[in-house]
*Asks:* 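Sharing a structure, written as structure tokens. Questions coming.
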Amino acid sequence: MTSHASQAYNTVALYNAKGGTGKTTVGINVAGALNQRGHDVLFVDLDPQGNATEGLGLVEAYDAQPPNLFDVVTDSEMRDAANEIVQEHQEFDVLPSNVDMLNAERELIIADYEGEDVLPNLSHALVALDRDYDYVLIDSPPFFGEVSDSALFAAQNVLVPALTESTSQRAVELLLDQIERLEQTRDIYIREVGAVANRVESTNEAERMQEWIQQAFPDIPVFNVRKRVALQRAYGAGVSIFEHDESSDMSKVFLDIADSLDEQFQEATHV
């Protein structure tokens, strides 16, 4: 099996195939927290919708002509192009999504059908980056498929955001099944490094789902991010809560996530 120590960076995929979980907002704020801890971070927006890319103020990158992320993910000869398209943000670097990524799933399926193994393209592209990062966070698309598998294969560590509502239960169960399938077919081990109960409200359903999420992930940290308008305002301003002019009590939760990642990756390097 592929060991975590063999990865180029401390790489984590944010993954939930259910849309609307706040995955992108969680990812941006975790990246911001890691930056606050003094880490150099690369945020990879692998979601074809480009919500993080546009939310971080990189609209032009989303509409840019090739080479772009689509080429990196689908063309084995274009992996080095990742260096050309990395963008600077005030808190961390960004490998932006692109409108062409809307066709990436189809291209990867065709390549797989024709016997071409392009799933490792993103992983190889990250290894080939000229700059060294402490962390790479990958914002995976909100669906099952080849593109999300590329994120999991590249990271082999996953942080799971989930809403505290009953519909999340089935989504988490399917996610865990998908991870197990990829582990078996690729002979790798994908480590769950944390779960985030997101947009928690004071309801009986939310309380019940918090307990269920804790039971679903008994061996990893589970963090509770309460619903806060300040987080959405920060996203609207193109920054994490740490660079926003409005503070939030949830900033401590994201710093706790960053500290947990530091602790887990430090332990992994000594295994």
Side-chain angles (χ1 to χ4, degrees), residues 12-33 43-56 97 137-145 147-149 151-152 155 157-180 190-236 240-241 244 246 248-258 260-261:
V12 178
L14 290 108
Y15 186 46
N16 193 326
K18 176 179 169 57
T21 61
K23 173 175 52 62
T24 297
T25 301
V26 169
I28 288 173
N29 283 287
V30 171
F43 189 96
V44 181
D45 184 7
L46 203 63
D47 187 346
Q49 299 175 81
N51 291 330
T53 297
E54 294 195 358
L56 292 169
S97 188
L137 299 185
I138 305 174
D139 190 12
S140 307
F143 54 79
F144 296 121
V147 178
S148 55
D149 281 356
L152 292 173
N157 299 281
V158 61
L159 179 65
V160 181
L163 297 181
T164 52
E165 57 184 39
S166 57
T167 56
S168 291
Q169 184 168 336
R170 182 59 174 159
V172 169
E173 291 170 347
L174 290 172
L175 178 151
L176 295 175
D177 288 344
Q178 178 74 356
I179 289 175
E180 183 178 359
I190 299 172
R191 179 175 58 160
E192 295 144 15
V193 295
V196 179
N198 195 29
R199 296 177 185 164
V200 178
E201 299 185 73
S202 299
T203 65
N204 291 335
E205 181 182 28
E207 183 176 343
R208 182 182 66 80
M209 281 304 300
Q210 281 179 277
E211 294 177 358
W212 184 88
I213 292 171
Q214 187 70 63
Q215 293 171 1
F217 298 99
D219 301 320
I220 63 173
V222 176
F223 303 92
N224 297 312
V225 174
R226 295 199 166 273
K227 189 174 183 179
R228 293 290 187 266
V229 174
L231 293 174
Q232 292 306 308
R233 288 174 178 163
Y235 175 81
S240 78
I241 194 63
H244 192 44
E246 182 180 5
S248 170
D249 57 341
M250 290 300 99
S251 60
K252 182 183 183 304
V253 178
F254 289 108
L255 289 171
D256 287 344
I257 295 174
S260 177
L261 292 176

*Asks:* Of Val193, Ile179, Asn16, Leu176, which is the lone residue that meets side-chain contact (heavy atoms from CB on, under 4.5 Å) with Val158?
*Replies:*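 Of Val193, Ile179, Asn16, Leu176, side-chain contact (heavy atoms from CB on, under 4.5 Å) with Val158 is met by Ile179 alone.
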
*Asks:* If you compare all heavy atoms of Ala197 against all heavy atoms of Thr164, which two are closest, and at what distance to 0.1 Å?
*Replies:*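 Residues Ala197 and Thr164, closest heavy atoms: CB-CG2, 3.7 Å.
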
*Asks:* With side chains defined as the heavy atoms from C-beta onward, is the minimum distance between Phe143 and Pro48 less than 4.5 Å?
*Replies:*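 Yes, their side chains come closer than 4.5 Å.
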
*Asks:* Could Arg208 and Glu211 be called an ion pair, given the rule that one side-chain N must be under 4.0 Å from one carboxylate O?
*Replies:*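 Result for this pair is no, no salt bridge flagged.
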
*Asks:* For Glu207, does the CD atom have more than 12 heavy-atom neighbours from other residues, nucleotides or ligands under 6.0 Å away?
*Replies:*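 Result for CD/Glu207: open.
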
*Asks:* Minimum heavy-atom separation for Leu175 and Phe144, please, with both atom names.
*Replies:*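 Heavy atoms only, the tightest pair is N-CZ, 3.8 Å.
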
*Asks:* Please report the closest heavy-atom contact between Pro142 and Gly19, naming both atoms and the distance.
*Replies:*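 Shortest heavy-atom contact: CB-CA, 4.0 Å.
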
*Asks:* Heavy-atom count around Asp249 CG within 6.0 Å, excluding the residue itself: above 12?
*Replies:*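 It does: Asp249 CG has more than 12 such atoms within range.
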
*Asks:* For side-chain contact (heavy atoms from CB on, under 4.5 Å), just list the numbers for Phe43 and Ile28, CA-CA rounded to whole Å, side-chain angles, deciding distance to a tenth of an Å, and then say yes or no.
*Replies:* CA-CA 8 Å; Phe43 189 96; Ile28 288 173; 4.1 Å; yes

*Asks:* Measuring only between side-chain heavy atoms, which start at C-beta, is Leu137 closer than 4.5 Å to Leu14?
*Replies:*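 Leu137 vs Leu14: side chains touch.
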
*Asks:* Would Leu159 and Val196 count as a side-chain contact (heavy atoms from CB on, under 4.5 Å) if you check the C-alpha gap in whole Å, the side-chain angles of each, and the deciding distance to 0.1 Å?
*Replies:* CA-CA 8 Å; Leu159 179 65; Val196 179; 4.1 Å; yes

*Asks:* Ile213 and Asn224: side-chain contact (heavy atoms from CB on, under 4.5 Å), yes or no, with the steps?
*Replies:* CA-CA 10 Å; Ile213 292 171; Asn224 297 312; over 6 Å; no

*Asks:* Supply the atom-to-atom distance Tyr15 OH to Glu192 CD, rounded to the nearest 0.5 angstrom.
*Replies:*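 Going from the OH atom of Tyr15 to the CD atom of Glu192 covers 12.0 Å.
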
*Asks:* Ser140 and Asp47: which non-hydrogen atoms are nearest, and at how many Å?
*Replies:*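 Reported closest heavy-atom pair: O-CB, 4.4 Å.
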
*Asks:* Is any side-chain heavy atom of Gln232 less than 4.5 Å from a side-chain heavy atom of Thr25?
*Replies:*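 They are in contact (side-chain heavy atoms under 4.5 Å apart), so the answer is yes.
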
*Asks:* Is there side-chain contact between Met250 and Arg226, with heavy atoms separated by less than 4.5 Å?
*Replies:*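 Result yes, sub-4.5 Å side-chain heavy-atom pair found.
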
*Asks:* Do the non-hydrogen side-chain atoms of Ser168 and Lys18 ever get within less than 4.5 Å of each other?
*Replies:*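 With C-beta onward as the side chain, the pair touches.
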
*Asks:* Could you tell me the separation between the CG atom of Asn51 and the OG1 atom of Thr24, rounded to the nearest 0.5 Å?
*Replies:*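 Reported to 0.5 Å precision, the distance equals 5.5 Å.
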
*Asks:* I would like to know whether Arg199 and Val225 meet side-chain contact (heavy atoms from CB on, under 4.5 Å); could you show each step before the answer?
*Replies:* CA-CA 6 Å; Arg199 296 177 185 164; Val225 174; over 6 Å; no

*Asks:* Between atom CD of Gln169 and atom CD of Gln215, what is the distance when rounded to the nearest 0.5 Å?
*Replies:*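 The CD atom of Gln215 is 9.5 Å from CD of Gln169, to the nearest 0.5 Å.
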
*Asks:* May I ask you to check whether Thr167 and Glu165 show a side-chain donor-acceptor distance below 3.5 Å?
*Replies:*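 Yes, side-chain donor-acceptor contact under 3.5 Å.
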
*Asks:* Looking only at atom types and distance, does a side-chain atom of Asp45 sit under 3.5 Å from a main-chain N or O of Thr53, one as donor and one as acceptor?
*Replies:*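 Checked: pair present.
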
*Asks:* Within this structure, what is the CG-CD distance for the pair Leu163 and Glu205, rounded to the nearest 0.5 Å?
*Replies:*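 Leu163 CG to Glu205 CD: 10.0 Å, rounded to 0.5 Å.
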
*Asks:* Looking at every non-hydrogen atom in both residues, tell me the closest pair between Val26 and Pro161 and how far apart they are.
*Replies:*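 Closest pair (atom of Val26, atom of Pro161, distance): CG2-CB, 4.4 Å.
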
*Asks:* With rounding to the nearest 0.5 Å, note down the distance linking OG in Ser248 to CZ in Arg233.
*Replies:*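 Going from OG on Ser248 over to CZ on Arg233, the span is 11.0 Å.
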
*Asks:* Atom OG of Ser97 and atom CD of Gln49: how far apart are they, to the nearest 0.5 Å?
*Replies:*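 One finds 9.0 Å between OG of Ser97 and CD of Gln49.
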
*Asks:* Could you walk me through whether Gln178 and Asp149 pass side-chain hydrogen bond (donor to acceptor under 3.5 Å, both in side chains), step by step?
*Replies:* CA-CA 9 Å; Gln178 178 74 356; Asp149 281 356; 3.0 Å; yes

*Asks:* Looking only at heavy atoms, what is the nearest atom pair of Phe223 and Val253, with distance?
*Replies:*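 Reported closest heavy-atom pair: CB-CG1, 4.0 Å.
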
